[in-house]
Amino acid sequence: MPRGYDRPLYIQPFDHRGSFQTKMFGWQSPLSDAQTAEIAAAKRVIYDGFLTALAGGVLKEKAGILVDEQFGAAILRDAASNNVVTACPAEKSGQEEFDFEYGEDFARHIEAFDLTFCKVLVRYNPQGNRALNERQAARLKRLSDYLADKSRSRFMFELLVPPEKAQLDKVKGEEGLYAIHELQDAGVEPDLWKIEGLDRRDDCEEIVAAARAAGRERVSCIVLGRGEDDQKVRSWLSVAASVPGFIGFAVGRTTFWDPLVAWRSKKATREQAVAEVAGRYREFVDLFERADLHPPFDRSNRVRPEHRSSMEG
């Protein structure tokens with residue numbers, strides 16, 4: 001299968017695990033069966049919102065979900081049976097260092113769901129701990145080789161570049177480029193990069209150039225939301241949509257968090273929460289497609305605001 005994925009792709013991600021159970025529910029591991037079922041039911045609300053958006057006109061061939069096996073196995077099977085693009089995380093939740101959620105059994109879990117994408121979330125700073133980076137790169141190359149040689153699933157790579165001292169906003173642009181090149185040099189070959197939102201069109205173009213370097217013409221990028229507020233996410237989507245090679249987005253908490261909180265606190269019915277998730281997702285799809293047709297003015301000289309910390313993917 002040729003490397004890359006270059007069709008429009010609008011992902012509804014809800015693969016949050018440790019952070020979801022602690023910050024949405026206030027629970028610590030290990031979970032009881034009843035607690036696991038309650039979290040799975042909340043994730044079904046998000047999935048039903050996604051399906052409602054499809055029923056309302058979002059094209060299925062451009063849409064997809066990212067959900068975990070622990071709480072979303074039934075959702076993954078349902079989506080795959082309906083030819084919806086699916087992605088599932090392979091990383092342990094909430095870890096600073098990438099490792100496999102299921103250890104040496106990672107391949108069996110990937111193949112259990114007929115996934116479109118196997119996804120990883122990786123914190124990697126080229127200026128960070130070299131031994132840590134080398135350990136991560138070795139595991140990621142193993143996964144990359146497996147997916148390329150033995151699996152039908154493509155490789156989705158969510159890159160976070162945690163700042164070292166004195167790096168500040170440089171991290172989101174220049175250090176991201178270095179990280180992509182280092183990982184490629186280590187033999188890590190994603191089909192699709194999930195990239196933190198960037199304020200400048202030039203930065204987006206440079207990221208695409210790095211992702212597509214040296215014969216990787218079909219490799220693409222999507223922009224992620226990182227739990228930011230609606231206005232900031234809209235800005236990022238507008239900028240990314242204007243850049244060839246950015247094919248879509250993965251916006252999770254900005255879409256589903258408030259509707260789920262309202263539902264769980266009985267301030268909204270389940271039907272209202274589903275409708276709100278659907279409406280927010282549809283708005284982001286419409287925004288991206290409008291911006292793709294009408295690129296925004298490049299505010300490349302605008303000072304970038306400080307990026308707040310947030311939960312893992």
Side-chain angles (χ1 to χ4, degrees), residues 9-25 27 29-55 58 60 63-95 100-103 105-121 151-158 192 194 222 224-225 227 249-257 259-261 263-264 270 273-274 276-278 280-281 311-313:
L9 184 59
Y10 310 130
I11 292 282
Q12 175 62 71
F14 49 115
D15 61 323
H16 315 76
R17 286 156 285 162
S19 57
F20 198 78
Q21 74 182 49
T22 58
K23 297 191 177 184
M24 175 68 72
F25 290 85
W27 296 336
S29 295
L31 299 175
S32 68
D33 290 345
Q35 289 172 324
T36 298
E38 189 169 341
I39 294 175
K43 294 206 170 192
R44 181 71 203 203
V45 172
I46 304 169
Y47 180 54
D48 285 351
F50 170 82
L51 294 178
T52 299
L54 297 191
V58 174
K60 184 165 69 172
I65 62 165
L66 167 58
V67 67
D68 56 287
E69 177 179 346
Q70 181 181 3
F71 302 118
I75 292 171
L76 285 169
R77 293 190 179 97
D78 182 79
S81 71
N82 287 288
N83 297 315
V84 171
V85 169
T86 56
C88 184
E91 78 277 355
K92 285 184 179 178
S93 175
Q95 304 295 309
F100 293 105
E101 172 74 8
Y102 297 103
D105 207 23
F106 72 88
R108 183 176 67 84
H109 286 266
I110 291 170
E111 302 310 323
F113 295 99
D114 193 23
L115 300 171
T116 314
F117 290 98
C118 172
K119 168 259 181 184
V120 296
L121 182 153
S151 179
R152 293 172 294 179
S153 298
R154 298 180 186 272
F155 192 10
M156 179 187 294
F157 195 111
E158 179 173 345
L192 185 64
K194 285 181 68 183
I222 57 177
L224 57 96
F249 59 80
V251 177
R253 282 163 285 153
T254 313
T255 304
F256 69 70
W257 193 266
L260 279 190
V261 169
W263 170 61
R264 294 197 67 250
R270 187 184 191 281
V274 166
E276 182 68 15
V277 170
R280 292 184 181 201
Y281 173 74
M311 302 183 298
E312 93 281 355

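The residues of the chain are indexed from 1 along the displayed sequence.
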Any side-chain heavy atom of Gln70 sitting closer than 4.5 Å to one from Ser93?
-> no
Side chains of Val277 and Val274: does their closest heavy-atom pair fall under 4.5 Å?
-> no
Between the CG atom in Leu260 and the CD atom in Glu276, the distance rounded to the nearest 0.5 Å is 11.0 Å
Quick one: does NZ or CZ of Lys194 land under 6.0 Å from the six-membered ring centre of Phe117, within 45 degrees of the ring axis?
-> no
Would you call Phe71 and Thr36 a side-chain contact if the rule is heavy atoms closer than 4.5 Å?
-> yes
Can any side-chain N or O of Arg264 pair as donor or acceptor with the backbone N or O of Met24 at less than 3.5 Å?
-> yes
Partner set under side chain to side chain contact (heavy atoms under 4.5 Å, CB included) for Thr86, not counting sequence neighbours | Ile65, Leu76, Ala79, Leu115, Thr116
Lys119 (side chain) donor-acceptor with Glu158 (main chain) under 3.5 angstrom = no
Does a sphere of radius 6.0 Å around CG in Asp105 hold more than 12 heavy atoms from other residues, nucleotides or ligands, not counting ones at 6.0 Å or beyond?
-> yes
Without hydrogens or angle criteria, can the side chains of Glu69 and His109 be said to hold a donor-acceptor pair below 3.5 Å?
-> yes
Just wondering, do Trp257 and Arg280 contact through their side chains at under 4.5 Å, heavy atoms?
-> no
Going by heavy atoms in the side chains, are Tyr10 and Phe50 under 4.5 Å from each other?
-> no
What heavy-atom pair brings Pro259 and Ala273 nearest, and what distance separates the two atoms?
-> O-CB, 3.7 Å
Is it true that a side-chain atom of Tyr47 and a backbone atom of Phe14 form a donor plus acceptor pair closer than 3.5 Å?
-> no
Note: Gln12 and Thr255 closest approach over all heavy atoms is OE1-CG2, 3.2 Å
What pair of heavy atoms forms the shortest contact from Trp263 to Ala42, and how long is it?
-> CZ3-CA, 3.9 Å
Minimum heavy-atom distance Pro13-Ala250, with the two atoms named | CG-C, 3.7 Å
Is there a donor in the side chain of Glu111 and an acceptor in the side chain of Ser151, or the other way round, less than 3.5 Å apart?
-> yes
Taking atom OG of Ser153 and atom CD1 of Ile110, what is their separation to the nearest 0.5 Å?
-> 6.5 Å
If you round to the nearest 0.5 Å, how far is CZ of Phe106 from CD of Glu101?
-> 13.5 Å
What is the distance from atom CG of Leu192 to atom CZ of Phe155, rounded to the nearest 0.5 Å?
-> 11.0 Å
Flag side-chain contact, heavy atom, 4.5 Å: Leu66 against Pro89 = yes
What residues form a side chain to side chain contact (heavy atoms under 4.5 Å, CB included) with Ser32, not counting sequence neighbours?
-> Ala34, Gln35
Determine whether Phe20 and Asp68 make a side-chain contact, defined as any pair of heavy atoms from C-beta on separated by less than 4.5 Å.
-> no
So CD1 of Ile46 and OH of Tyr281: to nearest 0.5 Å the spacing works out to 13.5 Å
Nearest non-hydrogen partners of Ala63 and Val84, listed with the distance = O-CG1, 4.4 Å
Roughly how far apart are Gln21 CD and Glu38 CD, rounded to 0.5 Å?
-> 12.0 Å
Is the number of heavy atoms from other residues, nucleotides or ligands within 6.0 Å of CZ (Arg270) greater than 12?
-> yes
Specify whether His16 and Phe256 have parallel, tilted or perpendicular ring planes, treating 30° as the upper limit for parallel and 60° as the lower limit for perpendicular.
-> perpendicular
